Chemist: 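Here it is: the structure, laid out below.
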Amino acid sequence: MTQTDTTQPTAAKAFPLGQIVATPGALAAFERNGQQPIEFLHRHAAGDWGEVCEEDKRANDHAVTHGQRLLSAYILADGTKMWVITERDRSTTTLIRPEDY
């Protein structure tokens with residue numbers, strides 16, 4: 001899955017996602033669960049970091065305005081963990097399972 005997202009989220013923590021890519025394992029997990037990646041991309045872009053600790057949430061909040069890498073973690077319906085990672089230059093956002101990293 002490769003596409004460019006040119007829309008900007010409206011949340012205060014909005015940032016560009018750049019080119020959106022996903023690993024084969026991530027795509028298979030979304031399909032298996034009947035869930036769509038866009039749901040998690042919207043959450044990530046809005047500053048909903050999902051299942052990360054408070055320290056990582058604060059680090060992401062700081063990273064939004066200081067041009068650092070962003071990492072969100074979400075749990076799919078079957079318990080599969082999914083990461084959404086936006087690179088520091090905002091050129092790429094990747095959907096990836098931790099075991100694919």
Side-chain angles (χ1 to χ4, degrees):
M1 172 177 128
T2 302
Q3 67 185 44
T4 302
D5 183 355
T6 57
T7 60
Q8 295 294 315
T10 57
K13 295 178 183 171
F15 55 90
L17 297 176
Q19 182 180 34
I20 299 167
V21 297
T23 63
L27 293 175
F30 284 119
E31 186 174 332
R32 183 175 62 248
N33 283 281
Q35 292 178 274
Q36 298 297 316
I38 194 72
E39 169 190 350
F40 302 96
L41 290 166
H42 281 300
R43 289 177 62 187
H44 177 75
D48 171 358
W49 312 123
E51 304 296 320
V52 297
C53 68
E54 288 302 316
E55 182 179 341
D56 288 345
K57 287 178 184 179
R58 285 191 299 276
N60 276 343
D61 290 342
H62 177 81
V64 168
T65 56
H66 292 88
Q68 297 167 332
R69 190 173 91 154
L70 299 155
L71 170 74
S72 296
Y74 306 104
I75 308 297
L76 301 185
D78 71 352
T80 299
K81 192 168 200 174
M82 187 66 59
W83 286 348
V84 181
I85 302 170
T86 299
E87 298 303 326
R88 66 182 303 163
D89 65 0
R90 308 301 187 251
S91 64
T92 307
T93 295
T94 304
L95 296 128
I96 185 170
R97 298 175 312 159
E99 58 266 33
D100 297 333
Y101 191 74

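Keep in mind it's a predicted model, so treat the numbers as computed, not measured.
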Chemist: Hey, could you give me the CH2/CG distance between Trp49 and Leu71, rounded to the nearest 0.5 Å?
Modeler: 9.5 Å

Chemist: Looking at Arg69 and Asn60, would you say the former's side chain and the latter's main chain have a donor-acceptor pair under 3.5 Å?
Modeler: no

Chemist: Between Ala63 and Arg90, what is the shortest heavy-atom contact and its length?
Modeler: O-NH2, 2.9 Å

Chemist: Is it true that atom CD of Glu31 has more than 12 heavy atoms of other residues, nucleotides or ligands lying nearer than 6.0 Å?
Modeler: no

Chemist: Between atom CG of Leu76 and atom CD of Glu39, what is the distance when rounded to the nearest 0.5 Å?
Modeler: 8.5 Å

Chemist: Should Arg58 and Glu55 count as an ion pair when the cut-off is N to O under 4.0 Å?
Modeler: no

Chemist: Considering all heavy atoms of both residues, which atom of His44 and which atom of Ser72 are nearest to each other, and what is their separation?
Modeler: ND1-OG, 2.6 Å

Chemist: Using atom types as modelled and distance alone, determine if a side-chain donor or acceptor of Asn33 lies under 3.5 Å from a backbone N or O of Gln35.
Modeler: no

Chemist: If hydrophobic clusters are built by linking Ile, Leu, Val, Met, Phe, Trp and Tyr wherever their side-chain heavy atoms come under 4.5 Å apart, do Val52 and Met82 end up in the same one?
Modeler: yes

Chemist: Give me the one residue out of Ile38, Thr80, Leu95 that meets side chain to side chain contact (heavy atoms under 4.5 Å, CB included) with Phe30.
Modeler: Leu95

Chemist: Rounded to the nearest 0.5 Å, what separation is found between the CG atom of Leu41 and the CD1 atom of Ile20?
Modeler: 4.5 Å

Chemist: Indicate the atoms forming the closest heavy-atom contact of Gly50 with Lys57, along with that distance.
Modeler: O-CE, 3.8 Å

Chemist: Nearest 0.5 Å, please: how far is CG in Leu27 from CG in Asp100?
Modeler: 10.0 Å

Chemist: Any sub-3.5 Å donor-acceptor pair from Tyr74's side-chain atoms to Val84's backbone N or O?
Modeler: no

Chemist: Which heavy atom in Arg97 sits nearest to a heavy atom in Ala29, and how many Å separate them?
Modeler: CD-CB, 4.2 Å

Chemist: Can you tell if the side chain of Leu70 reaches within under 4.5 Å of the side chain of Thr93, non-hydrogen atoms only?
Modeler: no

Chemist: Is the CZ atom of Arg32 crowded by more than 12 outside heavy atoms at less than 6.0 Å?
Modeler: yes

Chemist: Measure the NE2-CG distance between His42 and Asp48 for me, rounded to the nearest 0.5 Å.
Modeler: 12.5 Å

Chemist: Hydrophobic cluster membership, with links at side-chain heavy-atom distances under 4.5 Å among I/L/V/M/F/W/Y: are Phe15 and Trp83 in one?
Modeler: no

